[in-house]
Amino acid sequence: MKQIFLSISLLAALTASAQQLPATYPQLVKDITPKLVEWRRHFHQNPELSNREFKTGAFIADYLKSIGLDVKTNVAKTGVVAILKGGKPGPVVALRADIDALPVTERTPIPFASKVTTSFNGQQVGVMHACGHDSHTSILMGTATVLKKMQAEVPGTIVFLFQPAEEGAPDNEEGGAALMVKEGVLDNPKVEAVFGLHINSTVPAGQIQYKSGSFMASSDWFRIKVKGKGAHGSKPWQGVDPIATSSLIIEGLQHIVSRQSELTKAPVVISVGSIHSGVRNNIIPEDCEMLGTIRTLDSKMQQEVHERIRNTVQHIAAANGATAEVMIDTKTLVTYNDPELVKKTLPFLETAAGKGNVVERDWDTGAEDFSFYGAKVPAFFFYLGGMPKGQDPLKAAPHHTPDFYIDESGFDLGVKAFCQLVFDYAKSKK
Ligand code: NI
C-alpha cells in the first residue's frame, strides 16, 4: 500500500516536473535583477513621448534580437513584438509592457532624474517617465531574458508586447493598444490569454494588488461647445449668455452622476477640467467651450452616461436659448479582468509573491488602454508594488506628477510573476 502510494506521488511529481520551472530559475532571476535597474534607469534618463518612442523601441528591439528572439519592429508605429517558442507544448500567451513617457518636468532628487525636454502641443515641456512605464519595459525585457534562457523547458509560445502610446496618441494620430490589436498582435500566433502589470507608487514593493472583473475605468474625453449670443455685460437680456448656460450644464453633468447613475452597481465620474470663454469684464461672449473626462466601470453604464450627457447638454442649452454641441471620444474601455482567468491564475501570483503578498483591492477610476486586449481575449492586469516598504501611501507622490518616485526593489517580483504565470497557466491547461 505504502509502495503504491509512493509510486503514485512519484508519478505525479514527474508529470508536474514536465512544466515545472527548472532548477536554474531562481539563479536566472537573481542574475537579471541588477539589469532591471540598469535598464530602467537608462529608459528613465531617456524618456520619449507617446508615438515618439523611436530610441526606446530601437533599444528594446536591439536587445531582444541580441538574445535570439524573433523580433518585429515598427508595430503600432514604434512598438516591438517578440516571439519565443518554448521547447514544450503549450498555449500562446501574451505579456505586455507599455513604453511611453509623459510631458511632465521631473522634480525628484534622484541622480538619474530626467533632464529631457521637448515640444508638446506647441509648448516646451519636460519629459518624464512619470507613470513608471520605464519599469514595465525593463521587467518585460528581464522576463524575456529569463524565459529565453529556459527555452527548452518553456511551455507554449510567448508573445512579448512592447506597446507605445499608452498615455494616448497625439491629436489626429492612431496609437496604443487599440492600434496594436488592429495590426493583429493577438492574431498570429493566436493569443489565448494576455497578462500585464502596472507598477504602483502607492503599493508597497513586494506586493501585488488585483481585482477580478471590472478593475480600471473606461475613459472618454468630451468637448462641449455652447453657442450663445453676444451682448453688453450691462444688458444680458439682449443676448444669450454662454457662460451662465455652461455653469448650469456643469451642474447638470454632476446630476447625471448623483441622480441618474446606479452607483451601487458601479461608480461614475464626470469631471470638467477646462472651461474657456470671453475676454473682458463687461462683454457677454458668443460661445464657451468645456473639456472634460468621463470614467465608468461598467460598459453599459458608459453608453448610458454618453446618452445622458447629450440629453442634458442639449436641453439645458435649449432652455436658455443657446445651442450646444457635444463630442465624446472614447480613449479606453473598462479594463476587465476575466473572472475565470483570475480565479485560475491567482495562486500562481501567490507562488511568485509569497502568501499574504497578493492583495485584493477596490476598483480604480484610473484608466488603461490594456483594456483593448481584454476586449479581445481573456486578460488579467494587476498592480505591482513600487512604494518603499513602510511608507505611508497617502504621502507617496501620485502617478503623472513631477515628484513621482518608484522603489526598484520590487522589480524582480514582476519577472517572477510573469514567469510563474507562463509555466503554471500552461500546466493548468493540461
Ligand atoms: Ni501608466
Side-chain angles (χ1 to χ4, degrees), residues 28-29 31-84 94-104 106 108 110-118 120 125-149 158-167 169-170 173 175-177 179-180 183 185 196-199 369-370 384 386 404 406 408 411-412 414-415 418:
L28 291 174
V29 174
D31 291 347
I32 205 66
T33 301
K35 290 298 281 182
L36 301 178
V37 172
E38 188 190 314
W39 287 326
R40 184 263 168 155
R41 292 183 181 187
H42 167 79
F43 293 127
H44 197 84
Q45 285 180 295
N46 297 279
E48 294 174 296
L49 294 180
S50 308
N51 273 0
R52 303 290 180 272
E53 310 90 334
F54 303 111
K55 289 184 195 149
T56 307
F59 187 96
I60 298 165
D62 287 349
Y63 175 74
L64 297 175
K65 279 180 201 160
S66 79
I67 61 166
L69 292 191
D70 177 9
V71 176
K72 230 163 114 186
T73 54
N74 301 327
V75 182
K77 300 191 191 283
T78 58
V80 178
V81 174
I83 291 177
L84 174 71
L95 305 174
R96 176 272 208 166
D98 40 8
I99 66 171
D100 55 331
L102 285 158
V104 170
E106 181 151 12
T108 69
I110 55 176
F112 54 94
S114 166
K115 306 263 187 296
V116 175
T117 60
T118 191
F120 177 71
V125 291
V127 186
M128 176 188 178
H129 268 291
C131 199
H133 299 182
D134 48 353
S135 50
H136 307 164
T137 307
S138 63
I139 287 169
L140 197 57
M141 284 167 65
T143 305
T145 310
V146 171
L147 289 172
K148 174 68 187 166
K149 291 206 161 140
I158 319 304
V159 180
F160 300 94
L161 304 172
F162 290 88
Q163 177 214 303
E166 192 286 322
E167 302 290 356
E173 284 182 33
L179 187 57
M180 296 279 282
E183 291 188 5
V185 300
L197 58 78
H198 205 300
I199 198 94
D369 79 352
F370 184 82
L384 180 73
F404 176 73
I406 282 301
E408 294 164 332
F411 289 1
D412 61 334
V415 173
F418 277 149

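Heavy-atom basis, side chains included; hydrogens, waters and symmetry copies ignored. In this text, all values refer to a predicted model and were calculated from it rather than measured experimentally.
With sequence neighbours excluded, the residues that form a side-chain contact (heavy atoms from CB on, under 4.5 Å) with Ala165 are Ser50, Asn51, Glu53. Under the side-chain contact (heavy atoms from CB on, under 4.5 Å) criterion, Thr118 pairs with Leu49, Val125, Val127, not counting sequence neighbours. For His129, the ring pair (Phe, Tyr, Trp, His ring centres under 6.0 Å) criterion is met by no residue, not counting sequence neighbours. Considering only residues two or more places apart in sequence or on other chains, Phe43 meets the ring pair (Phe, Tyr, Trp, His ring centres under 6.0 Å) condition with Phe59. Listed by chain and number, the residues in a side-chain contact (heavy atoms from CB on, under 4.5 Å) with Lys35 are Ile32, Glu38, Trp39 (sequence neighbours excluded). Residues meeting the ring pair (Phe, Tyr, Trp, His ring centres under 6.0 Å) test with Phe112, sequence neighbours left out: His44.
To the nearest 0.5 Å, atoms CD (Gln45) and CD (Glu106) are separated by 9.5 Å. One distance of note links OG1 of Thr73 with CZ of Phe162; it measures 13.5 Å at 0.5 Å rounding. Leu84 CG to Thr143 OG1: the interatomic distance, rounded to the nearest 0.5 Å, is 11.5 Å. Atoms CD1 and OG1, on Ile406 and Thr108 in that order, are 11.0 Å from each other to the nearest 0.5 Å. Rounding to the nearest 0.5 angstrom, the gap separating the OG1 atom in Thr137 from the CG atom in Leu36 is 11.5 Å. One finds the CG atom of Asp98 at 6.0 Å from the CD atom of Gln163 (value rounded to the nearest 0.5 Å).
For the pair Thr56 and Thr78, the minimum side-chain heavy-atom distance is 4.5 Å or more. Contact check for Val185 versus Val159: no side-chain heavy atoms found under the 4.5 Å cut-off. No side-chain heavy atom of Met180 sits under 4.5 Å from any side-chain heavy atom of Arg96. Annotation: side chain of Cys131 is in contact with side chain of His198 (closest heavy-atom distance under 4.5 Å). Side-chain atoms of Leu179 and Lys77, non-hydrogen and from C-beta on, do get closer than 4.5 Å to each other. Contact check for Pro170 versus Arg52: side-chain heavy atoms found under the 4.5 Å cut-off. You'll find the side chain of Val116 stays beyond 4.5 Å of the side chain of Asn46, heavy atoms only. Using a 4.5 Å cut-off on side-chain heavy atoms (C-beta onward), Arg40 and Asp134 make contact.
Contact between Leu69 and Lys148 at its shortest, heavy atoms only, is CD2-CD, 3.8 Å. Taking all atoms of both residues into account, the shortest heavy-atom contact from Ile99 to Pro164 is CG1-CA, 3.7 Å. Scanning all heavy atoms of the two residues, the minimum distance from Ser135 to Ile199 falls at OG-CG2, 3.4 Å. When all heavy atoms are compared, the tightest approach of Ala94 to Leu161 is CB-CD1, 4.0 Å. Closest of all the heavy-atom pairs between Leu64 and Val80 is CD1-CG1, 4.2 Å.
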Given side-chain contact (heavy atoms from CB on, under 4.5 Å), test Val71 with Phe160 step by step and report yes or no. CA-CA 9 Å; Val71 176; Phe160 300 94; over 6 Å; no
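Counting only distance, with no hydrogens or angles, the side chain of Glu183 and the backbone of Val75 share no donor-acceptor pair below 3.5 Å. Looking only at distances, no side-chain donor or acceptor of Glu166 sits under 3.5 Å from a matching main-chain atom of Asp100.
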